[in-house]
Amino acid sequence: MLQNLPWLFLALPLVAAAIDWLCLQRCPRAAACCSIASAAVCFALCVAYLCGMQTGSPGVYEWFPLPGYSLTLGLLMDALSMKMMLVVTGIGLLVHIFSTGYMSGDPSNHSRYFAGLSIFMFSMSCIVLADSLLFTFVGWELVGFSSYILIGHWYDRASAADAAKKAFITNRVGDFGFLIGILLTFGVFGTLSFSDMAGHQAVPAQSGVLTALVLCLFCGAVGKSAQFPLHVWLPDAMEGPTPVSALIHAATMVAAGVYMLVRLQVSMGTDAFSQTACTVICTVGAITALLAALMATQQDDIKRVLAYSTLSQLGYMVMAAGMLSGEAAMFHLYTHAWFKALLFLAAGAIIVRCHHEQDIWRMGGLRRKMPLTTLCFLMGACALVAVPGFSGFFSKEAILTAAWESSIPLFVIGALVAVLTTFYMVRLCLVAFCGSARAEGAEHAREAGPSMLLPLLILGVMALISGYGFIADTLVPFAGFHAHDFEFGVPFLTGLLALIAGGGLAWIMYGGKQKQPDTDPLTPRAFSRALRHRLYIDAFYDKVLVGGIQQWGAAIVHCLDDGVIRRLVGHGAALFTAWCGKILGKIQCGSLRAYVLVSALGLIAAMILFAFTIIH
């Protein structure tokens, strides 16, 4: 047994990032190998732990001593964290391998790119393995930093640089509430350790303080998991390399908020989540799922369609967490990680082979040019739209079942989102893969190379089988999880009808031999323009909030600078000095009578002051 071996989950990627950045700037292949090796060892270590190998007890280190309490850093290695680590390291390893093919020929700094991937793996491991909210917050902020680096990898592009800043700043808004929630947690529970929270709360479960605590912590999830109204950063984050999108914005980083909510429910107990808090969480998740699905129906960029799909599926997970169905939330997080990573990586292979074309209306006919990539993408799409037999079917039905038993309005919203999901994915597949090529890039496309195909095939298998009990019961990040048996009930029939309705509507509008339009026929419609412009939410933020705050701030600063500092302090002091000079100048007139008068007045004043002094 090797003592403290679990700390390798953090040490290996951090050391790999340092080596890539400091020593391998001129050796991009060596940097790639170093990062891949660190990810592979972490994955192997995780598999070994889940198989029962004794890996040692991770030590707890004192960070900052306080009177009566000590802030520590330690690792929590339970079923929830270690199975989540399997998802993080497994998908991280496949993304690293895929990146070697995707970034081939790219003129940017590959060593910096792989160093960024390793920093991200380190940061995400901190969130997953942290034994306290304090350590979680450290990883939380590091994930924001690493995503800023990776989204802005092509920093010479203004759009990528702006997207990186937008993601970083938007997450800071949610993190401010998260930090307040951490302070409230310490005040209520007297500890920040997850293991010590259960049964230690100092206030009643239904008190307003506990509700405020949960909602403040939820603010962190709203930012990190891109929930309404802080969802605006995720679609713009697609400006980074596509493997980054698969790693950060489909499989791990955006799932951190859901993971944190479930971790809190396991640690504090579901009784700590009041009805008010659960209602707010469910409402935010439902609004996000519906709005994102609507926006996805009219997006033309293949990565943005998948980005809004991610938002919508995250809304499902948050809604399940709000219904206190952490088992269903983590089941969908687990299956979604595999098939959404598959969709993003397959989209990356398509983009590379179509000469970096991302508009689906400039593709077409790819099923003949890239048959294996097309097959993998379709497998991911089937899992996403919950085709029976694919992994997404089992996890989405678990959420619909929880909604059916908890709240009919939430069930209706979930069913409507399922219809929209099928519609926009069938639309994407018909436009991009069927018909004939609409542009030169699609005409000359060819199958992806082995380094890109291998991760796609592995993820394709997981998209198919990961929802079945024989593998889900072992790998889903939730203690004692058991996949539900098939039930022929209302949730199943609703999901099946949603599949038929959404797919049929998309086929009517975009399918058929005679229907191969070059642009979306819904484009002239007013609602289509609104959806393409993201329901003008981003414009509202830019023009009203950001622009308005900047204008009001500028006006206040100008008032202070011009009215107070320049006029009152600067010019006022000068005018007062000049006025005093004029008064004193009149006294110095050369008249003897004036001098005698001033002397007499001074003498009288001195005598009066002396008299008062004697009296008192």
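What you see is a predicted model, and the numbers here were worked out from it, not measured in a lab.
- Under a 3.5 Å cut-off, the side chain of Thr100 and the backbone N or O of Ile97 do form a donor-acceptor pair.
- To the nearest 0.5 Å, atom CG of residue Leu290 and atom CD1 of residue Ile287 are 9.0 Å apart.
- Tyr334 and Ser466 share no donor-acceptor pair across their side chains, judged by distance under 3.5 Å alone.
- Atom CD1 of Ile413 is separated from atom CG of Leu416 by 8.0 Å, given to the nearest 0.5 angstrom.
- Distance OG1/Thr310 to NZ/Lys303: 11.5 Å, rounded to 0.5 Å.
- The backbone N or O of Ala289 sits less than 3.5 Å from a side-chain atom of Ser312, completing a donor-acceptor pair.
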#### Entry: side-chain hydrogen bond (donor to acceptor under 3.5 Å, both in side chains) evaluation trace for Ser391 with Thr335
CA-CA 6 Å; Ser391 61; Thr335 58; 5.0 Å; no

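- Considering CG of Leu343 and CG of Leu459, their distance stands at 9.5 Å, rounded to 0.5 Å.
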### Test side chain to side chain contact (heavy atoms under 4.5 Å, CB included) applied to Met85 and Cys42, step by step
CA-CA 9 Å; Met85 277 301 297; Cys42 288; 5.6 Å; no

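- Thr279 contributes atom OG1, which lies 13.0 Å from atom CZ of Phe273 (distance to the nearest 0.5 angstrom).
- Taking the six-membered ring where tryptophan is involved, the planes of Phe492 and Phe393 are perpendicular, since the angle between them exceeds 60° and thus also 30°.
- Annotation: cation-pi pair Arg172/Phe176 absent, no NZ/CZ under 6.0 Å from the ring centroid and within 45° of its normal.
- Listed by first then second residue, pairs satisfying side-chain hydrogen bond (donor to acceptor under 3.5 Å, both in side chains) with a partner in residues 215-235 read Gln227-Thr288, not counting sequence neighbours.
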Determine all donor-acceptor pairs shorter than 3.5 Å in which one atom belongs to a side chain in residues 313-324; sequence neighbours excluded.
unit_1: Gln313; atom_1: OE1; unit_2: His332; atom_2: NE2; d: 2.8
unit_1: Tyr316; atom_1: OH; unit_2: Gly414; atom_2: O; d: 2.5
unit_1: Tyr316; atom_1: OH; unit_2: Ala418; atom_2: N; d: 3.4

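- Leu8 places none of its side-chain heavy atoms less than 4.5 Å from the side chain of Val41.
- The two atoms that bring Ser267 and Phe194 nearest to each other are OG-CB, 3.3 Å, heavy atoms only.
- In Phe137, the CZ atom is crowded: over 12 heavy atoms of neighbouring residues, nucleotides or ligands sit closer than 6.0 Å.
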### Task
Verify ring pair (Phe, Tyr, Trp, His ring centres under 6.0 Å) between Phe394 and Phe331, making sure each step is shown before the conclusion.
CA-CA 9 Å; Phe394 299 100; Phe331 189 19; 7.4 Å; no

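- For the pair Ile248 and Val254, the minimum side-chain heavy-atom distance is 4.5 Å or more.
- The structure places CG of Leu306 at 8.0 Å from CG of Leu384, a figure rounded to the nearest 0.5 Å.
- Remark: side-chain polar atoms of Asp175 are not paired, donor with acceptor, to backbone N or O of Phe178 under 3.5 angstrom.
- No side-chain heavy atom of Met253 sits less than 4.5 Å from a side-chain heavy atom of Ser146.
- A donor-acceptor pair is defined here as one N or O able to donate and one able to accept, closer than 3.5 Å; such a pair exists between the side chain of Thr191 and the backbone of Ser193.
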Donor-acceptor list for residues 470-482 side chains, cut-off 3.5 Å, not counting sequence neighbours:
unit_1: Asp473; atom_1: OD1; unit_2: Ala483; atom_2: N; d: 2.7

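- Residues Ala130 and Leu76 come closest through the heavy atom pair O-CB, 3.9 Å.
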### Message
Before you tell me yes or no, could you show the steps for Val417 and Thr421 under side chain to side chain contact (heavy atoms under 4.5 Å, CB included), namely the whole-Å CA-CA distance, both residues' side-chain angles and the distance that decides it to 0.1 Å?
### Response
CA-CA 6 Å; Val417 171; Thr421 302; 3.9 Å; yes

### Message
Leu10 vs Trp7, test: side chain to side chain contact (heavy atoms under 4.5 Å, CB included). Steps then yes/no.
### Response
CA-CA 6 Å; Leu10 305 183; Trp7 284 97; 3.5 Å; yes

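- Of all non-hydrogen atoms in Val214 and Ala277, the two that sit nearest each other are CG1-CB, 4.0 Å.
- The closest side-chain heavy-atom distance from Met268 to Val188 is not below 4.5 Å.
- Ser274 and Thr211 share a donor-acceptor pair across their side chains, judged by distance under 3.5 Å alone.
- Thr494 has its side chain within reach of Phe411: a pair of non-hydrogen atoms, C-beta onward, lies under 4.5 Å apart.
- For the pair Ser111 (side chain) and Leu24 (backbone), a donor-acceptor distance under 3.5 Å is present.
- Listed by first then second residue, pairs satisfying side-chain hydrogen bond (donor to acceptor under 3.5 Å, both in side chains) with a partner in residues 404-418 number zero, not counting sequence neighbours.
- In terms of heavy atoms, Ser38 sits closest to Leu12 at CB-O, 3.9 Å.
- Leu75 has its side chain out of reach of Phe9: every pair of non-hydrogen atoms, C-beta onward, lies at least 4.5 Å apart.
- The aromatic rings of Tyr113 and His153 stand perpendicular to each other, their planes meeting at an angle above 60°, with 30° marking the opposite boundary.
- Nearest heavy atom pair, residue Cys34 against residue Asp20, reads CB-OD1, 3.5 Å.
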### Query
Given the rule in the side chain to side chain contact (heavy atoms under 4.5 Å, CB included) test, do Leu80 and Met330 qualify, once you have shown the distances and angles that lead to the verdict?
CA-CA 9 Å; Leu80 182 60; Met330 293 307 294; 4.0 Å; yes

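- Residues Met121 and Val95 form no side-chain contact, since every pair of their non-hydrogen atoms from C-beta on lies 4.5 Å or further apart.
- Sequence neighbours left out, the pairs with a member in residues 116-137 that pass side-chain hydrogen bond (donor to acceptor under 3.5 Å, both in side chains) are Ser35-Ser118.
- The shortest distance between side-chain heavy atoms of Leu133 and Met197 falls below 4.5 Å.
- Annotation for Met77 and Tyr49: closest pair O-OH, 3.0 Å, computed over non-hydrogen atoms.
- Remark: Glu397 engages no residue in a salt bridge (Lys or Arg N to Asp or Glu O under 4.0 Å) (not counting sequence neighbours).
- Ion pairing between a basic and an acidic side chain is recognised when a charged N comes within 4.0 Å of a carboxylate O; Asp236 and Lys165 show no such pairing.
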